[in-house]
Amino acid sequence: MVTCCGCLSWQFLSVAYRYEASAETLSQAIRAAASEEPDADGSVLFGHLQGTVVGLRYYTGVVNQGEMVGLVRQPQNPYDRNAVMVANIYGNQVGHIKRELAAAMAYIMDNNLAKVEGVVHTGTKNKFTMPVMLAFWGKEENRNVVIEHMARRGYKVNTGGSTTAGRHTTRCSHMSLFLQSVGTPLLPHQKQALSWMCAQENKSALPPFWEKRGELYYNSLTCFSAKEVPDRVRGGILADDMGLGKTLTTIALILTNFHKGKPLPVEKCVSVLLNVYFSITVCTVLSDLCSTIERCLFMSRRSKIYAVMLMIVHFLICAGVDSSIPESADDLSATATLIISPLSVLSNWLEQFEQHVRADVKLKVYLYYGSERNRSKTFLSSQDVVITTYNVLSADSGVSEHSPLHGINWLRVVLDEGHIIRNPNAQMSKAVLDLKAQRRWILSGTPIQNSVKDLWMLLAFLRLKPFDVREWWNRVIQRPVTQRDRAGLKNLQTLVKCITLRRTKSSEVNGRPVVSLPEKMVCVEQVELSQSEREEYELARNEGRNTIGRYVAEGTVLRNYADVLAILMRLRQHCCHPDLLAKISSDLGAAATPAQLREHLIEKLRLVLASGSDEECSVCLDSIHLPVITHCAHVYCRPCIAQVISTAQETARCPLCRSEIKTNELVEFPQEEMEKENHTNSEKWRTSSKVQALMGNLLRLRCEDSSIKCLVVSQFTRFLTILETPLREHGFSFVRLDGTMSQKRRTQVIQEFQSSAPNSPVIMLLSLKAGGVGLNLTAASHVFLMDPAWNPATEEQCIDRCHRLGQKRKVFVTKFIVKDSVEENMVKIQKQKQDLLEKAFGSTNTDRKASRIDDIKALMEL
DNA sequence: ACCGCCGGGTGCC
DNA sequence: ACCGCCGGGTGCC
């Protein structure tokens, strides 16, 4: 049996045992455990039972007083198929649960009736057996089954009030924050982040909740102790807000913190100059130096001083490095940094390397992407930086036994937008966990998207012992937090603080804002419809009002809510341009045949998805993933509604309208439908009031200053198409960016638009949802939002694409709103929709889930 | 294990 | 004695 680590996880033992595996790795074991470990949410404590661990003399695993132990079923054990193995936190086997007790527990464990957890309070020095306090946790409905089952076999589960047996209080007194070793907060925020990152990589302090006690290292949360130093977490989470320069800071990190705190060796002439500048360093006031570095880093890229300054930066940082790091801990053979990023921001990395690394600094950056990518391990590991995407990584790891990226010992692995890997079962996440690296980083503006659960994957990636193993995470953090245990929240907070740096746009460093963005002016421009437009609008509105009125009278608003959205959609289109209105193929009335019904449902699904409402699934409250529509015309994520149906006792009911639902009646959007969005409108082009309002603004701006660039944003791509005609007519040079474009084309378009060349485009037609976060459109200083979005956050995100770091001008945002129209009411209707949802839910799940997330976010200053 | 249990040796006091 | 008792060997699952 071969392992890559000195210590085995107990999952590893169990996995290896069960499958007789020959070369399981620790991460594979963790992966297996992750997919098997049920969520700790909502578990209740049934009670305690004193048990016995036997066979101590056969194993090396030792336990401390009060230490948590893991209990693992070993159904393939040749001596007893009921065997329950006991292991300590490092996965070293301690012994077995006594046969008779194991026989009683096996049934409960195998049928998931309860999770059994052990803590050893006494007898840790015993030679042959030791007592273990077992705690039974599970769903309320299984409480009696479990207690009765144990009782039948002569084991009385103590359900009494005294819970001291299974719990223990947490000591955090010796927790020292790691930030203390890095000094100069005089520096601007990126420098601060760089210092922090270097410190995280070089530090010798113990991971959170570990302390040294005499000769041993002790974890105060799990009461585990070990002779060996626990692995340091060399890395962390840089959770700065978008636009604060996570990319740039990471590039600076790569350049400045190579081995032993020295910078990346880039050029010979640099090291010759080093000695000269060292003497300057010593006698220069730190703050002066820092501002010099600042200037060099961000402005003057002409001077050779830049590279030297990087050396000096490292010198400053090295001052904070603890000299007690054992030399052997550094694996000097690892030299390359691997950056994994979503495809949409790949180009941004390349640009930033181009822009922020001096041209005569020879940094070897390789883009590992495309079918022609160089898969040679020798080649890849000789690079300074390799950039790739999550998809390429996971494709590589799936297809070939010898994924090149997995065969390299990386100096550093950086996950850009790291929250992407929050699902531990996803191929991508698994591929990321399998990477070998000395240091690990996660860059993410939003490390917690939905719940504390999201954090586990990140901690597992960082290999934060012992929380990279799901059981310890669940027992010590997740369950206490979901059950609103104060100590649990405090532990989580401490944990996150130790490995995360987070600043928002409004954060301050030494009393000065982190970023000084130019001012932003937002104004609403009311648009009056022309008389004929108004007539058409009123006609559609009355029709819609009748329909909705009927639903209200019948009490079927929820049942028909796809129709309601469709009506609002049509009104919104009226407000923009009459030609936006798509011909509705049929009235959505009664359907005679199943085929017809299916057609109608697909039509409704199309309307809901096209309504730009960023529809959220009422089950997971997230945006809809793999949309399906029920026969009662409500849209959910397929996995969410499938779960609702499978967990229903008898007949499953729609969470929104309580109609009966069945799995085989869920309708998906047919693939071929996606393609046929090409309504080529051969009719003659005509204008609209909103078009006129926009053109008026654009023409005025061009007169004032022809260098001004504008973003013109709409949710309707066909509206963008309509706008192309008058733009061309008036001789504006423009580009267009929408969701249908290939990545290559997008990059090209953004580059063109960002260019300051005299004949570069001055207008970008942008579809609201295109690109997602991370787009940099700072060349624009004016934003025209042609139509209001359901979700104001989407609008904000869009505005932030130009109101962000690098913006030199004051930003003007104009929102066009048609007077006396649905647009004015959209925000209100959005709120009502939310109220309806809450009523349908009886305001239980929704409320609790939402407030819980808020709690955590507030506590963690997220 | 300073136990329990097993199985062989042994057999009044 | 087809028993009781003694004392040695032995010991997770």
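- As rounded to whole Å, 15 Å separates atom C1' of dT10(C) from atom NZ of K127(A).
- The partner of dG11(B) is dC3(C), judged by Watson-Crick or G-U wobble contacts that both fall below 3.5 Å.
- Going from the P atom of dC3(C) to that of dG8(C) covers 25 Å, rounded to whole Å.
- Following rounding to the nearest Å, K98(A) (NZ) and dC3(B) (C1') show an atom-to-atom distance of 12 Å.
- Within the 4.5 Å cutoff, no side-chain heavy atoms of L113(A) are placed close to those of F136(A).
- Across the C1' atoms, dG4(C) and dG11(B) are found 9 Å apart, a figure rounded to whole Å.
- We find that OH of Y79(A) is positioned 14 Å from C1' of dG11(C), with the value rounded to whole Å.
- Within residues 56-63 of chain A, the residues having any heavy atom under 4.0 Å from DNA chain C are, by residue number, R57(A), Y58(A), Y59(A).
- In this structure, CG of N77(A) is placed 10 Å from P of dC13(C), rounded to the nearest angstrom.
- The main-chain N or O of T129(A) is found under 3.5 Å from a side-chain atom of N126(A) such that the two form a donor-acceptor pair.
- Residue N126(A) contributes atom CG, which lies 13 Å from atom P of dC2(B) at whole-angstrom precision.
- The CD-P distance, from Q93(A) to dC13(C), rounds to 12 Å in whole Å.
- R73(A) has its CZ atom 14 Å from the P atom of dC13(C), to the nearest Å.
- Taking the 5.5 Å centre cut-off and the 30° plane limit, the aromatic side chain of F128(A) is classed as stacked on dA1(B).
- With sequence neighbours excluded, the residues satisfying side chain to side chain donor-acceptor pair (under 3.5 Å) with R638(A) are E668(A).
- Among residues at least two apart or in separate chains, side-chain hydrogen bond (donor to acceptor under 3.5 Å, both in side chains) pairs with a member in residues 143-157 of chain A are E140(A)-R143(A).
- Taking atom C1' on both nucleotides, dC5(B) is separated from dT10(C) by 9 Å, rounded to a whole Å.
- A salt bridge (charged side-chain N to carboxylate O under 4.0 Å, His left out) check over residues 116-136 of chain A, counting only residues at least two apart or in different chains, returns the pairs E117(A)-R475(A), E117(A)-R479(A).
- Taking the ring-ring contact (aromatic ring centres under 6.0 Å, His included) definition, one finds that F224(A) meets it with Y90(A), sequence neighbours left out.
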Quiz: residues 80-87 of chain A side-chain donor-acceptor pairs under 3.5 angstrom, not counting sequence neighbours:
unit_1	atom_1	unit_2	atom_2	d
D80(A)	OD1	N82(A)	N	2.8

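- In this structure, the CG atom of N82(A) is 17 Å from the P atom of dC12(C), given to the nearest Å.
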